[in-house]
Amino acid sequence: MNPNPIATPNDAASAVPKYPVRGYGFAEYATARNWIGGRLVESSTGQTSSVENPRYGRTMGHVALSGVADVEAAGAAAKLALPGWRSTPMRERAQVLHRLKGLLERDLDELCWLLSAENGKTWAEAKGDIEKGIECIEFACALPMMADGGGLDVSRGVHCEVVYEPVGIVAGIVPFNFPMMVPLWMIPNALVAGNAFILKPSEVVPFGALRLGAYLREAGLPDGIFQTVNGARDAVEAVVEHPDIGAVGFVGSTKVARIVYGRATALGKRALCLGGAKNHVLVVPDADMELTAGNVVASSFGCAGQRCMASSLMVAVGPTQRIVDGIVQHARKIRLGEDMGAVISAAAKVRIEQYIADAQAAGAQVLIDGRGASVAGCEGGHWVGPTLLDHVRPTMPAACEEIFGPVLSIVRTATLDEAIAVQNQNAYGNGAAIFTSSGAIARYAAERLTAGMVGINVGVPVPREPFAFGGYKDSKFGHGDLTGFEGFQFWSKAKKITTKWSLQADASWMS
Ligand code: NAD
């Protein structure tokens, strides 16, 4: 069955432009309009904001700014399409996602360059972004094998079963740092679950997300089942307030996660809101030098430190100077512009450099200073080189707050318990890691670290599918996790059906 007999992928209104550049060169991109009802449409406000290529610090395009009327239009289109999608068997819904995977793989190179241009990350990092998104699609494609809900004869002749139903119209609000992966944490599970999904992309990186609507249409998704409403705060507020949107997934800073969670739940909606992070990496004297130094550097400076799972605070326990020296050596090898990209904006660069200056003024030792860095040919870009701060005290802002840039602060402690206490006292609890050769030390720490995702000799302990993603403390508001089967359950309602067909007189509901 073709679930979308009306869709003609190549008609002008649904044709999203190609990105013409295959390299780090500068190119402009067409304005990111909204994707509503299977068409690119102007926003009702008529306003746009500019989108920068961070490598050049130059405007590469514009994005529509939306308001209440745009979310209402998306809601109306979703409402119209939902009954047909909801009654489509889950296996057929999953087939659309199978085809989406193929389309992303077909255009992988182009998409990597596009994501690199809008976000500033390297081509290889953009590839990782998309590939992790594809892994989430693969998980959702397997849901028909897993989401049967279960059933049992609970009494003589009496059967109880669980069936998952979609929430209905749901929404996702996403940050700038992973333009493809974070939307794909949510969209595949939500769609296979039978929902209509409205995405509010980051206004800072709207162009990759813009492609998803056209790909899903090409994959056979009915118009109105996946839509994007671009914009900033006004668009978010309109999404959260919309009476027909029943569940909101949010990923971004803690400040906004808290606001969105508070408002959505006050309105009786389901909400799961992932926030910021300050990820601690504990290094003990028996850690393997090469493994530790390589992993810590990759974790702290990969994606220019703009990963919610980046290690931004290392707690060096006891005599670990040789490992600190190894980290310095590894970090010095990073070639800015090739191994590491630009940070997202001029404001981010100012913020990051201020943290470095303040830590230095407060007595931290700057082992490597990324301030004033530049890349030939891209002098206008937002560059901050890898920065290593040693002898940071746990109370300094550089040790407590999320910097979200390529800065690794090192706090020294005498004992493992002190190191664990530093992590435990921090407000965030997304990820934490320990590097050690001892299973006993690893287990001791893993049991005591107050983070939702713990790495043992792994610098970026992002759970691979099917394991779910989500932190603790101020890194997450709401119950459950956003990916894996818990993600599917977030976008689903579990209905319990109890059946008795038995004609036996002695078989009652409680017998
Ligand atoms: P952000 O909070 O500024 O923006 C996230 C989304 O919220 C965007 O779509 C934006 O348009 C919207 N928004 C911004 N201000 C708003 C406001 N006042 N009211 C309503 N909506 C608003 O985050 P960002 O700068 O795009 O992303 C970086 C942050 O995201 C970091 O803190 C990072 O740790 C976090 N993050 C967390 C995870 C996680 O899994 N925990 C993953 C990725 C990023």
Side-chain angles (χ1 to χ4, degrees), residues 32 49 51 54 63-67 71 118-121 129 132-133 136 171-186 198-206 208-209 228-241 248-264 271-279 302-312 343-345 347-348 351-352 401-405 426-432 451-453 460-463 468-478 480-484 486-487:
S49 67
V51 179
V63 57
L65 294 176
S66 305
V71 178
E118 67 178 353
N119 174 280
K121 58 177 72 183
D129 182 336
K132 180 62 195 170
C136 295
I173 300 159
V174 293
F176 78 82
N177 62 330
F178 283 94
M180 201 57 93
M181 176 189 80
V182 174
L184 291 173
W185 281 355
M186 307 189 212
I198 298 173
L199 177 71
K200 207 300 283 174
S202 165
E203 69 277 26
V204 183
V205 293
T228 52
V229 177
N230 282 297
R233 180 178 173 165
D234 287 352
V236 171
E237 287 173 356
V239 164
V240 174
E241 301 285 331
V248 178
F250 174 92
V251 181
S253 61
T254 288
K255 180 182 143 220
V256 184
R258 192 180 265 127
I259 295 170
V260 169
Y261 182 77
R263 187 62 191 145
L272 186 51
C273 301
L274 308 192
K278 187 78 184 175
N279 304 306
C303 296
Q306 300 172 120
R307 271 197 291 231
C308 67
M309 290 294 279
S311 300
S312 52
V343 299
I344 192 69
S345 64
R351 183 193 69 233
I352 295 161
E401 297 172 13
E402 180 175 47
I403 301 176
F404 221 53
N426 192 261
Y428 297 107
N430 215 37
M453 295 167 282
V460 186
V462 172
F469 188 102
Y472 286 177
K473 302 196 280 187
D474 281 359
S475 296
K476 188 179 76 179
F477 300 86
D481 286 332
L482 202 47
T483 67
E486 292 200 34

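Along the sequence shown, residues carry numbers from 1. Start at 1 and go down the list; that is how both ligands and their atoms are numbered. Here the structure is a predicted model, which is why all the values come from computation and not from measurement.
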How far is [atom] from its nearest protein heavy atom, and which residue and atom is that?
atom: atom 23 (O) of ligand 1; value: Ser253 N, 3.5 Å
atom: atom 10 (C) of ligand 1; value: Glu203 OE1, 3.6 Å
atom: atom 14 (C) of ligand 1; value: Val256 CG2, 4.0 Å
atom: atom 12 (C) of ligand 1; value: Val236 CG2, 3.8 Å

Regarding ligand 1, does [X] bring an N or O atom to under 3.5 Å of one of the ligand's N or O atoms?
X: Val260; value: no
X: Ser202; value: no
X: Asn177; value: no
X: Thr254; value: no

Give the contacting part of [X] toward ligand 1: side chain, backbone, both or neither, where contact means a heavy-atom distance below 4.0 Å.
X: Lys476; answer: neither
X: Glu402; answer: side chain
X: Val174; answer: backbone
X: Val204; answer: neither
X: Phe250; answer: side chain

Looking only at non-hydrogen atoms, which of [options] approaches [atom] most closely?
atom: atom 18 (N) of ligand 1; options: Lys278, Arg233, Met181; answer: Arg233
atom: atom 35 (C) of ligand 1; options: Pro175, Gly252, Pro201, Cys308; answer: Gly252
atom: atom 24 (P) of ligand 1; options: Phe404, Trp185, Phe469, Phe176; answer: Phe176

Which residues pass the side-chain hydrogen bond (donor to acceptor under 3.5 Å, both in side chains) test with Asp481, sequence neighbours left out?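 By the side-chain hydrogen bond (donor to acceptor under 3.5 Å, both in side chains) rule, Asp481 matches Lys476.
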
Any residue meeting side-chain hydrogen bond (donor to acceptor under 3.5 Å, both in side chains) with Arg258, in chain and number order, not counting sequence neighbours: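 Residues passing side-chain hydrogen bond (donor to acceptor under 3.5 Å, both in side chains) with Arg258: Asp474.
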
Distance in Å, [X] [atom1] paired with [Y] [atom2], rounded so as to fall on 0.5 Å steps:
X: Asn230; Y: Ser49; atom1: CG; atom2: OG; value: 9.0 Å
X: Asn430; Y: Tyr472; atom1: CG; atom2: OH; value: 11.5 Å
X: Lys200; Y: Thr228; atom1: NZ; atom2: OG1; value: 10.5 Å
X: Lys473; Y: Lys278; atom1: NZ; atom2: NZ; value: 13.0 Å
X: Cys308; Y: Gln306; atom1: SG; atom2: CD; value: 12.0 Å
X: Leu272; Y: Phe250; atom1: CG; atom2: CZ; value: 11.5 Å

Protein heavy atoms: any of them under 4.0 Å from atom 4 (O) of ligand 1?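 Protein heavy atoms within 4.0 Å of atom 4 (O) of ligand 1 - there are none.
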
Enumerated ligand 1 atoms positioned under 4.0 Å from heavy atoms of Lys200: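 Contacts of ligand 1 toward Lys200, numbered from 1: 8 (C), 9 (O), 10 (C), 11 (O).
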
Which ligand 1 atoms, with their elements, are less than 4.0 angstrom from a heavy-atom of Gly276?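 Close to Gly276: 32 (O), 34 (O).
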
So, 4.0 Å and heavy atoms of Ile259: is ligand 1 close enough to count as a contact?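 Heavy atoms of Ile259 never come under 4.0 Å of ligand 1.
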
Does ligand 1 have an atom under 4.0 Å from some heavy atom of Gly275?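 Checking ligand 1 against Gly275, which is what was asked, there is a heavy-atom contact under 4.0 Å.
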
Does Lys132 reach the side chain of Phe469, with side-chain heavy atoms less than 4.5 Å apart?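 Not in contact.
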
Min side-chain heavy-atom separation Ile173-Val240 under 4.5 Å: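 Sidechains of Val240 and Ile173: in contact.
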
Would Met453 and Val462 satisfy side-chain contact (heavy atoms from CB on, under 4.5 Å), going step by step from the backbone distance to the final call? CA-CA 7 Å; Met453 295 167 282; Val462 172; 5.8 Å; no

What are the two closest heavy atoms between Leu274 and Trp185, and how far apart are they?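 Scanning both residues, the minimum pair turns out to be CD1-CZ3, 3.9 Å.
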
